[in-house]
Number of protein chains: 2
Amino acid sequence: MVVAQDTTRPTSASIPASRRFILGVLATLPALATRFGAASAQAQTAPLASWNDGPAKQAIIDFVKATTDHASPSYVAPEDRIATFDQDGTLWVEHPLYAQAFFALDRVHAMAPQHPEWKNHTPFKAVLANDLPALAQFSERDWAELIFATHAGMSQAEFLKIAGQWLATAKHPRFKRLYTELIYQPMSEVLEYLRANRFETFIVTGGGQDFVRAYSQRVYSIPTQKVIGSSLDTKYELKDGKPELMRLPKLFFSDNFDGKAIGIDLFIGKRPYAAFGNSTGDREMLEYTGAGDGARLKMLVHHDDAEREYAYGPAGNLPDTKVGTFSRSLMDEAKTRSWSVISMKNDWKRIFAFET
Amino acid sequence: MVVAQDTTRPTSASIPASRRFILGVLATLPALATRFGAASAQAQTAPLASWNDGPAKQAIIDFVKATTDHASPSYVAPEDRIATFDQDGTLWVEHPLYAQAFFALDRVHAMAPQHPEWKNHTPFKAVLANDLPALAQFSERDWAELIFATHAGMSQAEFLKIAGQWLATAKHPRFKRLYTELIYQPMSEVLEYLRANRFETFIVTGGGQDFVRAYSQRVYSIPTQKVIGSSLDTKYELKDGKPELMRLPKLFFSDNFDGKAIGIDLFIGKRPYAAFGNSTGDREMLEYTGAGDGARLKMLVHHDDAEREYAYGPAGNLPDTKVGTFSRSLMDEAKTRSWSVISMKNDWKRIFAFET
């Protein structure tokens, strides 16, 4: 098949781990409209109320019917109803940078007084000087250095506290809202609709597992044990007889590209019946999901709404070399394999819950 | 504290990974009575019906009351009710070898026709000749070679099928029963009792994660996504456009000793409120559990019943160098930290469900 012969696709082998961990951070800084259009307000009585009628909404409804109706040949026992969701760009806004990248940059500023040496050391120097052109040129090594400096060297409990404090105050540069307010209302409705039909909903993110766990229960009603992501090595230490798990500056697992299929098998041990993504990093998750028998729902969110959110990779015109995007080859594969493509512009009545 | 200064304890750093993966396989082959005593049959109406009244049973009941009664100062919200269980020696029989070690040995015999070179190659040669004295002297490298030869080189789906077929027919040398019949009835009742009180029950095993996942739902009512264990590297491969996860002969994660605390944080992201083990491999899991605030249940199964099951590490008289056992230092730590020790002989009315 075309897909199997696509030797240019990024894999664990071809993309260094540190780059995969911070994938997409180097996305272009858009100078687009800072205002978004008004969305239709609608009472949340029916499932998927923020979705326009159309093939995407219908695909979700048909899938749930096929897998939960006892009379259906595609009926799935409740214990096997697994649905997996990418986070950045699928459940919440990922532009102009991942929230976690903004977090890393803010942490550099916050930690700078304890690190006077950073003033003269790239990449910290550029971050502290707010040198955006330099930042846009950061190498993967630069980003790895920023991530390790800001995400390691403390206990897991301390990291969760730091991340939680940041999330409670930091705001998105365009929307001027907390990042946790920038979750896609239509996707929240998919999570709820699937759970109401006894699906277990998992986040499978290329981003940091612990960062997402800091808010997943509150924001998505997804408990920490259903958040799979990229992670750092940790070390068990007894301090005065009391154990701590200390975060080390070393990548343990990269949950992106083929890592998403591997991570799903590692953490869940079952093939999903439904999977949602929005970029090349989600390709293998959708392939793995689609390779199962019976009814399987494979959906990609396409960011084609510059007015209300962002438009990038429109109609899949970007090459695979631009990682973390809806690339041309991903769009080709979606067509070949009959994956559903969600148009934010056409399929979603509103993007955010605050658009009432 | 005494414990923190115990520099002789095994850790990830001091025990090679391959040895940790097959921990306990080298346990002595006991020439003990092959018959077991009759146990009292009792209707399963009350919770923990196979437990004798005593401090161990009472500790479980008190813990559940303290964590689930809204009026209790130690009340725990249902989404945080996490209980973790070691498997080998805690939920089912681990002597004279782990079931998974018997599986590896049987696989060597089954695969031998495709590997004529094994006849002249240690350790396979000794296995094929049923040379038990030689087997008892296997090095960690020998065992790693056996595990990799029998557990890798196939897809995850194929491995699960092979393990499932073995479990459906292989019998324990002393009890002449399927291994899945040799689960401890009193511990099954603890699993049920905790789940009835809205605890999520996880297996946290030093053994192979996928091996346990082959039967966990059927035997323990624990789904694959709640089985954490040691694992091999896997590789995502497209074969004729269809993805497979191939098992590689390389250890990915060792879920034993400090790895159990690390694995719990990695997979669950929450500190357990209850943890059950039986050996030095469970030490850090109990320490990590006990370091949380509120009511925390830490229990160790002590194998002191040679007549009905086995007696090893009686009264904790073994040094730590004998890994995978209830060692002297573990017994000391249990006393220091007030962990509950379950006496199989005194606390359990019956050991197995078939003793009716």
Side-chain angles (χ1 to χ4, degrees), chain A residues 1-6 11-13 79-80 82 156-157 160 200 202 209-210 212-214 216-217 221 223-228 231 233-245 252-253 257-262 264-271 284-285 287-291 336-337, chain B residues 1-6 11-13 79-80 82 156-157 160 200 202 209-210 212-214 216-217 221 223-228 231 233-245 252-253 257-262 264-271 284-285 287-291 336-337:
Chain A
M1 306 197 81
V2 173
V3 173
Q5 292 161 356
D6 180 355
T11 67
S12 280
E79 63 266 28
D80 293 327
I82 304 291
Q156 287 286 51
L160 289 172
E200 284 189 59
F202 287 78
Q209 177 168 282
D210 297 308
V212 179
R213 285 177 172 179
S216 62
Q217 177 74 50
S221 298
T224 57
Q225 58 267 39
K226 292 182 184 170
V227 175
I228 303 166
S231 52
D233 265 1
T234 57
K235 185 173 188 296
Y236 183 84
E237 283 185 10
L238 284 179
K239 292 189 174 173
D240 297 327
K242 190 165 177 172
E244 298 270 15
L245 290 170
F252 173 72
F253 181 64
F257 299 105
D258 51 349
K260 290 211 175 188
I262 290 168
I264 286 168
D265 179 69
L266 180 69
F267 281 73
I268 304 174
K270 286 171 184 162
R271 193 188 299 268
E284 286 84 353
M285 175 167 73
E287 287 175 350
Y288 183 63
T289 299
T336 303
R337 296 191 186 270
Chain B
M1 307 198 83
V2 172
V3 173
Q5 293 161 357
D6 180 355
T11 67
S12 280
E79 64 265 27
D80 293 329
I82 305 291
Q156 288 285 52
L160 289 172
E200 284 188 60
F202 287 80
Q209 178 168 282
D210 297 308
V212 180
R213 286 178 172 178
S216 62
Q217 178 74 50
S221 298
T224 57
Q225 59 267 39
K226 292 182 184 171
V227 176
I228 303 167
S231 52
D233 266 1
T234 57
K235 186 172 188 296
Y236 183 84
E237 283 185 11
L238 283 180
K239 292 188 175 175
D240 297 328
K242 190 165 175 170
E244 299 270 13
L245 290 170
F252 174 73
F253 181 63
F257 298 105
D258 51 350
K260 290 211 174 188
I262 291 168
I264 287 168
D265 179 68
L266 180 69
F267 281 72
I268 305 175
K270 287 172 182 162
R271 193 188 297 269
E284 286 84 353
M285 175 168 72
E287 288 175 350
Y288 182 62
T289 300
T336 303
R337 296 191 187 268

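Residue numbers start from 1 in every chain, and the chains themselves are labelled A, B, ... in the order their sequence lines are given, proteins ahead of strands. Worth saying up front: this structure is predicted, and the values here are computed from it rather than measured.
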Grab the two heavy atoms, one from [X] and one from [Y], that are nearest each other, plus how far apart they are.
| X | Y | result |
| --- | --- | --- |
| A:T224 | B:I268 | OG1-O, 2.7 Å |
| A:K235 | B:I262 | CA-CD1, 4.5 Å |
| A:F267 | B:R213 | O-NH2, 3.4 Å |
| A:L245 | B:A261 | CD1-O, 3.8 Å |
| A:I82 | B:Q225 | CD1-NE2, 3.9 Å |

Working to the nearest 0.5 Å, report the span between OH of A:Y236 and CD1 of B:I264.
9.5 Å
Distance from A:D258 atom CG to B:L238 atom CG, nearest 0.5 Å?
10.0 Å
Note, B:E287 side chain near A:P243 side chain (heavy atom, < 4.5 Å)
yes
Checking side-chain hydrogen bond (donor to acceptor under 3.5 Å, both in side chains) for the pair A:E79/B:Q217: CA distance, chi angles, key distance, verdict?
CA-CA 9 Å; A:E79 63 266 28; B:Q217 178 74 50; 5.1 Å; no
Using non-hydrogen atoms and a 4.5 Å limit, figure out which bit of B:E244 sits close to chain A: side chain, backbone, both or neither.
neither
Side chain, backbone, both or neither: which part of B:L160 has a non-hydrogen atom closer than 4.5 Å to chain A?
neither
Below 30° counts as parallel, above 60° as perpendicular, anything between as tilted: where do the rings of B:F253 and A:F252 land?
perpendicular
When A:T234, A:L266, A:I228 are compared by non-hydrogen pairs under 4.5 Å with chain B, the top option
A:L266
